[in-house]
Amino acid sequence: MSLSTKSPRMSPIKIMQNRIYELLKQGKRIDGRAPHEIRPVSISTSVIEKADGSAMVSMGGTKILTGIKVETGTPYSDRPNEGVFTVNAELLPLASASFEPGPPDERAVELARIVDRCIRESRAIDLEKLVITEGERVYMLYIDIYVLDYDGNYFDPAVLSAVAALATCKIPRYEVRNGKLERVEGESMKTPIRTIPVSVMIGVIQDRLLVDPSPMEERALDTSVILGYDSDSNIVSIQKNAPGLLSLNIMEQIIELGSKKAEELRSILVEAVGLG
Amino acid sequence: MSLSTKSPRMSPIKIMQNRIYELLKQGKRIDGRAPHEIRPVSISTSVIEKADGSAMVSMGGTKILTGIKVETGTPYSDRPNEGVFTVNAELLPLASASFEPGPPDERAVELARIVDRCIRESRAIDLEKLVITEGERVYMLYIDIYVLDYDGNYFDPAVLSAVAALATCKIPRYEVRNGKLERVEGESMKTPIRTIPVSVMIGVIQDRLLVDPSPMEERALDTSVILGYDSDSNIVSIQKNAPGLLSLNIMEQIIELGSKKAEELRSILVEAVGLG
Amino acid sequence: MSLSTKSPRMSPIKIMQNRIYELLKQGKRIDGRAPHEIRPVSISTSVIEKADGSAMVSMGGTKILTGIKVETGTPYSDRPNEGVFTVNAELLPLASASFEPGPPDERAVELARIVDRCIRESRAIDLEKLVITEGERVYMLYIDIYVLDYDGNYFDPAVLSAVAALATCKIPRYEVRNGKLERVEGESMKTPIRTIPVSVMIGVIQDRLLVDPSPMEERALDTSVILGYDSDSNIVSIQKNAPGLLSLNIMEQIIELGSKKAEELRSILVEAVGLG
Amino acid sequence: MMTESKEIKLIDEEGRRVDGRKPDELRPIRIEAGVLEKSDGSAYIEVGRTKIFAAVFGPREVHPKHLELPDRAVLNCRYHMASFSVDERKPLGMTRREIELSKVLREALETVVFLEEFPRTMIDVFVEVIQADGGTRTAGITAASLALADAGIPMSDLIAATAVGKVAGTLVLDINDIEDKYGEADMPVAMTPRRNSIVLLQLNGRMTSEELKKALEMASQGIKKIYQLQIEALKKRYSVVSLEE
Amino acid sequence: MMTESKEIKLIDEEGRRVDGRKPDELRPIRIEAGVLEKSDGSAYIEVGRTKIFAAVFGPREVHPKHLELPDRAVLNCRYHMASFSVDERKPLGMTRREIELSKVLREALETVVFLEEFPRTMIDVFVEVIQADGGTRTAGITAASLALADAGIPMSDLIAATAVGKVAGTLVLDINDIEDKYGEADMPVAMTPRRNSIVLLQLNGRMTSEELKKALEMASQGIKKIYQLQIEALKKRYSVVSLEE
Amino acid sequence: MMTESKEIKLIDEEGRRVDGRKPDELRPIRIEAGVLEKSDGSAYIEVGRTKIFAAVFGPREVHPKHLELPDRAVLNCRYHMASFSVDERKPLGMTRREIELSKVLREALETVVFLEEFPRTMIDVFVEVIQADGGTRTAGITAASLALADAGIPMSDLIAATAVGKVAGTLVLDINDIEDKYGEADMPVAMTPRRNSIVLLQLNGRMTSEELKKALEMASQGIKKIYQLQIEALKKRYSVVSLEE
């Protein structure tokens, strides 16, 4: 069940929308940014010692913590020679007055699935390297994302934190000795990363685009799209995540803008995690 | 927790009840049927190619879809030489303004259990023929019933659709080869059917009976009973499914009427699935 | 999520509190008891033949039924040579107008965890004697507590009923024969009990203490504490279970009073179950 | 109920049942009203080893409000079993069986309670099975109607109930757990004894029409006896109350 | 979508797909409006073996009340799959995938429905997938918008939809289940055909910018054809209605 | 806490603990107020490797409405741990431990917050443990009371807290995870430092009466030090706020 929410069509929104649009035409935004300017990004990795990988990412006022726990388990029967990963996301109630405690709602589910898609469809993790015994025992990565502070656009920092946590994750090594699975004490391996996916959230008001929207902008947008890109500028995932019309012409502009901003975010990420 | 519902005792109901009763005394019903007349039944089987068995049944405006998926699993420890089946039912919200999305409510649970009882207590499936390796591996039939359109009496068409789906189900064959369970590609077997259970819902207003009630009649009835019958006219299940008094005398009439209508429904079912 | 409840600060409470306090200063209580007087306790064991252990305990008007079912299962990986027990508690809706049907709420969870703690931290059960095959198969005791009638202080009678059920539990014997786990028909063993834990609930109004509060007293208390004691008068668990300040001085009085009342309850329990 | 037992002899040479009863004999029954302190009405019943508490609250405010009915009380009924009441520990939470039985019990009780007298209120009936040895829904409704009477809720009649079974081809009154498990049919019946009318009826298992009619008659006879025990329990309760007051 | 199949030839030597279609060819589609009795509007769609019912209720009272919006209707949408609709039996209850798709379908429908005309009411849209063979969300929204029209809910346009895939390096229209499973990308697109604007867009899998643009164009062409089928289904429905009345 | 460790030496020959501390020594503590943007008040605390965020919303409208209290605010408290905060990944959803700790934290906070000043409103306190290395409930309430102060909610006093343990027969202040796991007792204590009164008290494990009294005294001393850190954090926060405004 998915229900309409209060914000989109109220009249104060229309007024705000006009104001944002007028500013955009002048190349400006309410918080002083340029239309295609992303807020400052900071990335700290290995912040949770008990997690195998972790990263705290802030993008303006939005703050995301991702932690990864590695376990071992059986592979999917149709993919016997691949490790497994799952992505969960929680919109913690301390992050915003609009988040409620309880099981993940549709927004949290969507966030988890968008991050999952960016990683999975870009084939960022070489899952074939996460096999202990083919068809029997593989590594399982639990990638858990917590939104700690929500100041607009949790998608892009969530992807950044998930990928930063993955790239710095120390997977504890296991071996099968005498038919028994054993932890190889003190040994770990890096996550086998093939590409660095990032996502870019782009908002549309009439014929203008903006990136990395603030909460006020999110409410005023005609619509918005989140695009995932791999290191080779392929698009690996798209999610139109709001009501509203999107012309083919605008969509083409979005694709090009997204590609540029993706490179920008990727270079920040690569620097932070020391990849490249 | 089971809670009173709005319908039964409101005064408009009383007026409707009187009208229905007066008509019944003249051998008539609001929709033009005779008191003991079942609405037209249509049965289509194998409508879902991805299911191992399926049947769409309509009875008047009520439409039921049942699908069966066969898996293998371990038998119950107290019945090591029997296969397993389970029945689930959902009252889909698209079927009626009175159905709500969410986990099955008491009406859906009752429906599933009545269908289960008709099949189980009539011993319709020869479960001993659904064993792959005694005590270890058996066939498991998941019989899932969806009410797609609810125009009164979902019980009888639900039993019809479940039995039609069973009778036409192609159980994929499995074998144990070299200690491993394997699908025998391309081979399947029929469900071992011993008897053809059907159910008959009978409503009571004062001293009169009617079968296959419409929603309006359901609300106006003094009470109602659903009876299951096997091919030998044994009664295999009963459910009084509404408040109200039922005299022993009326109950005897119900048993006899049910037996006749059961034969009528069974002959329609047998013809549709080509059994006999 | 834990939410404030209606009772504690309403003004009728203040009036009641004053009255209770004035009586306490005179060494009296509303129901005629002395401040440190526990209501009459009755303990019946083995009341449920289908349970392996059971006890019905009443303490004044509060009535608790505990039943124990023993199963076998795998031990926790970090405790391969210990059996397992778990405690559940339900505040049945028939026990009080203030209990609602549904999954255990925070009060029921707290009750279960307090009883668990009394038993676990006192090391009452010699879990090492509940092993069938080390690291592989152990006895698992499911201790399920039902509050049947709630007339104040369900903690102390719940501990009494759980320990009485444990002390009289007949654990069905299992053996591994030819590599298979088998029930040794007709044989059972006693729960290996090392100490007899009991709990004492103590309420505070200003500088006065009372034990075993009635519901009216519970609502009027400044705060309350439940203490668990083993047979050697060690304190094995504490739970301050209500809002309110507790000075270190009052806490010392509570510890001493608790110790005395614990001995009193233990002697009732020992007599009832024939231990000692 | 599906396989007739080969090993367990459900009826012996002398026509006696596994627990020594004759086919039309009830198990020992103990019924008591007013057994719990905090509910508005309560009852306890033992039928053989089946042991059940029932309690009633109300008429009270409806919560949540939107369930309120303008012309009568909402009757809420919960049939619930303790985890240890059955042979295999029942997991916590309501099973589908408990959900179904809550519904049929509620419908039976709705038939006799004068709900119109208490519009915009709720009457809660809680049935707690602490040991299940066959016939829990019938013992449960017998206790529930007694608890309603104990709570002073006006009813057209009490409800008394028992189950008739078919074991080894023989109809037997008040079947127990073993008979239910290895027999051919289990038919719980609840009636309003004064009007001799059925308020709850279910059947699991096979019977011919003739057997079914006989089984209903047998149930009716048993129910009359149980009704007498209910009346006695109420009398005892009222006399105690009279003494107390 | 992750491993390109080594065994299954998704495009043969003649450029044909596993089911014999050309890359830009839709599967056989059957669309019908007004197929259910009890909803206010309904539709049925088959796209190849994908089979879906959609039904609409409302505008009706909002329940629970606090979800009511003062200036427009609440649109509620549920995308749900039957347990047997997929290869491996889907467990009962909503999966995360179903929750996400309910959201994107709702957002797409909100774009076209004139919600402001029905303040303080609710419009429910239920999409029931009874067989899933690829393209269920796009077939689902195609049926849902038809059901809305059938219910007489005013909309700025119908919504028609299809998915473009990439298999063995080739863009293909209206991908089926096997192409989705073994191909490189699946891009569901829903549009308002008259305005040629996107209302739903997702992508799973890798495409270059150029491919993406071509894929959108391909989707747009397919959607125009599906739109014609919707119009025909409505005409047929209205003519039937006219005859009936 | 049940088996005294045979291998891990919890107190060495020089009376030092596993992490080198003396028995009455706190771990390094870092406390900061106003760390989150969107809540009305917030705080972050590190006690050794234990890391916790706390945030406060309100006083705000009560939702759902029926929880409203006519004479005071409803205080809502949630203690929650991130899945990766503990050694074995914690499954999603609230465990029974989290439910219990939410209750004892709420009760402690209710003791100091002037709820009567905000009738018919709700104050939400969210405690998020992102790493758990012992003493999470005490560090959590220390942060929560700071977040309440940061939100400007009037209180009779701050709450500061720590846990005293018993390891290898010795009482130790501010026990860490290993001491908790292999020690004999863990006693979390929260106090209002100015009145030196207990607001939260639990004990897991065995102590004599004498030990318990000493442990409370030890906790009281530690709490005074933590209180100073809270005051400093608030001063720092207010000075920053002053500068900002």
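Chain identifiers are assigned alphabetically (A, B, ...) following the order of the sequence lines, protein sequences preceding nucleic acid strands; residue numbering begins at 1 within each chain. Please read these numbers as outputs of a predicted model, since none were measured by experiment.
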Open item on the list: Please output the residues of residues 38-49 of chain A in contact with chain F, using a heavy-atom cutoff of under 4.5 Å, in numerical order.
Closed with: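 Checking residues 38-49 of chain A against chain F gives A/Val47, A/Ile48, A/Glu49.
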
Open item on the list: Between F/Glu128 (side chain only) and A/Leu92 (backbone N and O only), is there a donor and an acceptor less than 3.5 Å apart?
Closed with: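 Here the side-chain-to-backbone pair does not exist.
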
Please look at [X] and chain F and tell me whether the side chain, the backbone, both or neither of the residue comes under 4.5 angstrom of a heavy atom of that chain.
X: A/Pro103; answer: neither
X: A/Ala95; answer: backbone
X: A/Thr66; answer: backbone

So which part of [X] gets closer than 4.5 Å to some heavy atom of chain A, the side chain, the backbone, both or neither?
X: F/Phe57; result: side chain
X: F/Asp40; result: neither
X: F/Val35; result: backbone
X: F/Ala147; result: neither
X: F/Val127; result: neither

[X] atom [atom1], neighbour heavy-atom count above 12 within 6.0 Å:
X: A/Met216; atom1: CE; answer: no
X: F/Arg60; atom1: CZ; answer: yes
X: F/Glu88; atom1: CD; answer: no

Open item on the list: Just so I understand: if I count every heavy-atom pair under 4.5 Å between each of A/Gly61, A/Ser54, A/Ala97 and chain F, which residue has the most?
Closed with: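 The candidate making the most pairs under 4.5 Å is A/Ala97.
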
Open item on the list: So which residue, A/Lys69, A/Glu90, A/Lys63, A/Glu100, ends up with the most heavy-atom pairs under 4.5 Å with chain F?
Closed with: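 Counting heavy-atom pairs under 4.5 Å, the top option is A/Lys69.
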
Open item on the list: Between A/Tyr146 and F/Phe84 (judged by ring centroids, cut-off 6.0 Å), do the two rings come close enough to count as a pair?
Closed with: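 Yes, ring centres under 6.0 Å apart.
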
Task: side-chain contact (heavy atoms from CB on, under 4.5 Å) between A/Lys50 and F/Asp177, worked out - done: CA-CA 12 Å; A/Lys50 295 206 172 190; F/Asp177 205 23; 2.8 Å; yes

Open item on the list: Quick test of your reading of the model: are F/Lys90 and A/Asp144 salt-bridged, counting only N-O distances below 4.0 Å?
Closed with: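 Judged by the 4.0 Å cut-off on N to carboxylate O distance, F/Lys90 and A/Asp144 do not form a salt bridge.
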
Measuring from [X]:[atom1] to [Y]:[atom2], what's the distance to the nearest 0.5 Å?
X: F/Leu92; Y: A/Tyr142; atom1: CG; atom2: OH; result: 10.0 Å
X: F/Glu37; Y: A/Ser96; atom1: CD; atom2: OG; result: 12.0 Å
X: F/Ser83; Y: A/Ile143; atom1: OG; atom2: CD1; result: 11.0 Å

Task: A/Leu94 and F/Arg78, any side-chain heavy atoms less than 4.5 Å apart - done: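 A side-chain contact under 4.5 Å is absent here.
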
Open item on the list: I need the residue from F/Val125, F/Val56, F/Val86 with the largest number of non-hydrogen atom pairs under 4.5 Å to chain A.
Closed with: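 The candidate making the most pairs under 4.5 Å is F/Val86.
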
Task: Contact winner vs chain A - F/Ser42, F/Gly58, F/Ala82, heavy-atom pairs under 4.5 Å - done: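 Top count of heavy-atom pairs under 4.5 Å with chain A: F/Ala82.
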
- [ ] Take A/Asp151 and F/Lys38 through the side-chain contact (heavy atoms from CB on, under 4.5 Å) test and state the conclusion after the steps.
- [x] CA-CA 7 Å; A/Asp151 195 24; F/Lys38 290 297 171 179; 2.8 Å; yes

